[in-house]
Amino acid sequence: MDRLGVALLNNVSIMKSGVTRYAVYGVLIALSAIVLATLLSSQYLYGGINLENIVTAQKNNSTLWILDGMPFIFAFWGQYVSSAIALQASTMVLDQTHELRNQAVALEYQVMHDATHDSLTDLPNRVLLLDRLDQAIYVAFREKQSLALFILDLDHFKEINDTLGHHSGDQVLKHVALRLQGVVRESETLARLGGDEFAIMIPLIKERELNYVQLVIEKIQNAFKSPFVVGGLRLDVQASIGIAIFPEHGKDIDTIMQRADVAMYVAKQNNDSFAIYSPDLDKHTPKRLTLMGALRQAIENGDLVLHYQPKINIKTNSISGVEALVRWQHEEHGLLPPIEFIPLAERTGLHTQLFFWVIKTALAQAEQWYNNDLKTNISVNLSPSTLLDADLPDVITGLLASSNVPANYITFEITEGSIIKDPDRAMEVLVRLAKMGINISIDDFGTGYSSLAYLKKMPASELKIDQSFVQDMLKNENDEVIVRSTIDLAHNMGLKVVAEGVEEKEIVARLKLLGCDIIQGFYYSTPLTGKDCTDWIRSYALENKDNIKTG
Ligand code: C2E
Ligand code: CA
Ligand code: CA
């Protein structure tokens with residue numbers, strides 16, 4: 001018998017003992033009734049209460065005989081009813097438990113499915129594709145076979161979205177998914193990578209690989225031949241296809257993905273419907289595409305560095321904190337700014353690894369300052385996908401537990417866009433982080449589509465006005481209005497305001513007048529290496545006789 005069975009038996013005996021207790025009360029009441037009736041009849045029928053009269057009353061009075069039977073009836077009835085009720089209840093509980101179990105299994109399945117599938121088309125998502133690609137490469141390597149990765153990007157899809165709206169765009173994507181499903185076989189994987197990008201992974205038999213690749217290209221081209229009908233309109237949609245083959249073009253997932261991407265890019269540039277990767281294509285592709293394969297290596301080899309840019313509280317002339325900004329020290333291209341590889345990390349699913357490196361490095365720096373009496377708050381940028389990662393709060397809890405820096409020395413900067421993507425989930429993660437004591441800052445404010453409703457609900461303590469408004473505010477009246485009203489709005493919501501990208505003295509003065517709290521920009525300092533920033537903090541503190549408060 002399993003644990004559930006034992007628990008059920010226990011419940012049955014608890015219920016039985018409950019009912020039995022009431023049956024015992026019944027027996028006791030019946031016994032008291034017999035005693036009372038016997039005493040009354042010996043008193044009134046036989047002239048007094050004594051043993052002889054009691055015996056006579058019991059012998060001659062037939063009503064008392066019926067009463068005498070009552071305790072037995074109660075006892076029997078109690079036993080019977082208790083068993084029946086207990087049995088009935090236990091079957092009910094059993095049924096409900098099974099139902100709950102089934103629901104839990106279905107829910108678990110749903111969660112697994114959602115994590116690995118695209119919600120619009122229900123196709124496998126990037127995560128599942130990368131996982132299958134990893135396994136397929138392993139099998140192909142062992143069996144000495146090959147495999148092909150196709151990356152498809154729809155042409156001019158942005159125009160459809162912009163002119164007909166997102167709903168029509170979504171309809172097109174659904175139709176494309178359905179048509180492509182007809183192209184792939186059971187052993188092949190069709191996935192949506194995001195946006196208007198799809199991928200097909202095909203295990204190949206080496207001897208026939210090129211023939212089969214050619215056949216799939218033709219099938220895809222045929223699938224796009226007839227127009228897509230959306231909202232009564234007939235739309236001609238085409239795709240650019242890039243193909244890379246394992247092991248010929250790459251021996252690991254990153255390289256294969258990157259090379260299929262390069263081929264797709266070249267096909268699109270040349271207005272060709274497809275291109276198969278070859279090394280000379282690299283010459284015509286932007287640096288970012290050739291960097292893709294190397295990013296994972298860079299993270300693992302420690303080729304990334306964090307620079308820190310001070311933020312000055314202009315009301316107290318103290319250092320309010322520093323923002324950690326990542327760079328890639330590339331042996332060929334020099335120090336690469338984040339714009340060259342952060343989007344790449346997002347596309348290749350490397351953002352988690354990258355974030356982990358950044359937060360660990362930033363915490364180590366914060367700890368060093370904290371232990372050397374230079375206690376400074378460090379802001380770390382969170383990409384949209386990192387914010388939506390439900391594991392984030394646990395990961396951070398773990399990291400904070402092994403550091404002696406208190407949580408309130410850490411700030412996470414998030415953009416409005418990352419909240420709009422999935423507001424409920426983002427809010428849940430943010431609330432958990434804020435409860436841990438981490439500060440939340442709204443970055444690049446003014447560039448996204450913030451809804452005031454969300455802003456109000458967000459557990460943020462800081463708002464950063466995007467540098468595009470700050471830099472032109474003296475020349476452009478609109479920008480000044482935006483800066484001024486953002487400062488007022490933020491203050492009304494109890495948030496501190498940071499102006500970013502401040503390069504000139506006159507802007508500092510103007511911002512002071514408008515009531516801005518904190519300034520960050522080249523006027524005070526460019527982002528500095530950890531060592532240089534330490535020196536900067538020391539000398540700023542000396543000059544301003546500041547004891548380096550944070551906040
Ligand atoms: P951001 O969060 O808005 O960071 C501020 C950017 O403005 C930085 O560029 C900084 O160097 C630059 N900046 C600061 N003061 C001035 C100024 O006075 N004038 C001008 N012209 N620029 C100034 P950077 O370091 O190139 O970073 C660009 C973006 O990359 C960041 O924008 C942020 O969105 C992203 N990023 C940086 N590090 C990380 C990271 O570790 N993780 C993630 N997910 N994103 C990061
Ligand atoms: Ca930032
Ligand atoms: Ca910013």
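Counting convention: from 1, in listed order, for ligands and their atoms alike.
- Residue, atom and distance of the protein heavy atom nearest to atom 36 (N) of ligand 1 are Pro338 CB, 3.9 Å.
- Remark: minimum distance from atom 18 (O) of ligand 1 to any protein heavy atom is reached at Phe522 N, 2.8 Å.
- The closest approach between a heavy atom of Glu500 and any atom of ligand 1 is below 4.0 Å.
- Side-chain contact check for Leu392 versus Leu382: some heavy-atom pair is nearer than 4.5 Å.
- For the residues Leu325, Leu382, Ile342, Asp466, the heavy atom positioned nearest atom 43 (C) of ligand 1 is part of Ile342.
- Contacts of Ser383 with ligand 1, taken as heavy-atom pairs under 4.0 Å, involve both backbone and side chain.
- Here Asp444 meets the criterion, with an N, O or S atom under 3.0 Å of the Ca ion (ligand 3).
- Distances from the Ca ion (ligand 3) to the N/O/S atoms of Glu500 are shortest for OE1.
- For His351, no heavy-atom contact with ligand 1 is shorter than 4.0 Å.
- A salt bridge does not link Lys475 to Glu480: none of the charged nitrogens lies less than 4.0 Å from a carboxylate oxygen.
- For the pair Lys464 and Phe445, the cation does not sit on the ring face, since its NZ or CZ is not both under 6.0 Å from the ring centre and inside 45° of the axis.
- Between the OD2 atom of Asp443 and the OE2 atom of Glu323, the angle centred on the Ca ion (ligand 2) amounts to 180° when rounded to 10°.
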- Hey, mind stepping through Gln110 and Asp114 against side-chain hydrogen bond (donor to acceptor under 3.5 Å, both in side chains) and telling me if it holds? CA-CA 6 Å; Gln110 186 67 40; Asp114 289 353; 3.1 Å; yes
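- Nearest protein heavy-atom neighbour of atom 21 (N) of ligand 1: Glu503 OE2, 3.1 Å.
- With distances taken over non-hydrogen atoms, the option nearest atom 3 (O) of ligand 1 out of Leu306, Asp444, Ile339 is Asp444.
- Residue contacts with ligand 1, taken as heavy atom pairs separated by less than 4.0 Å, do not involve His307 at all.
- Classification of Asp118 and Arg126 as a salt-bridged pair fails, no side-chain N sitting under 4.0 Å from a carboxylate O.
- Contact annotation for Asn381 and ligand 1: heavy atoms of both the backbone and the side chain come within less than 4.0 Å of the ligand.
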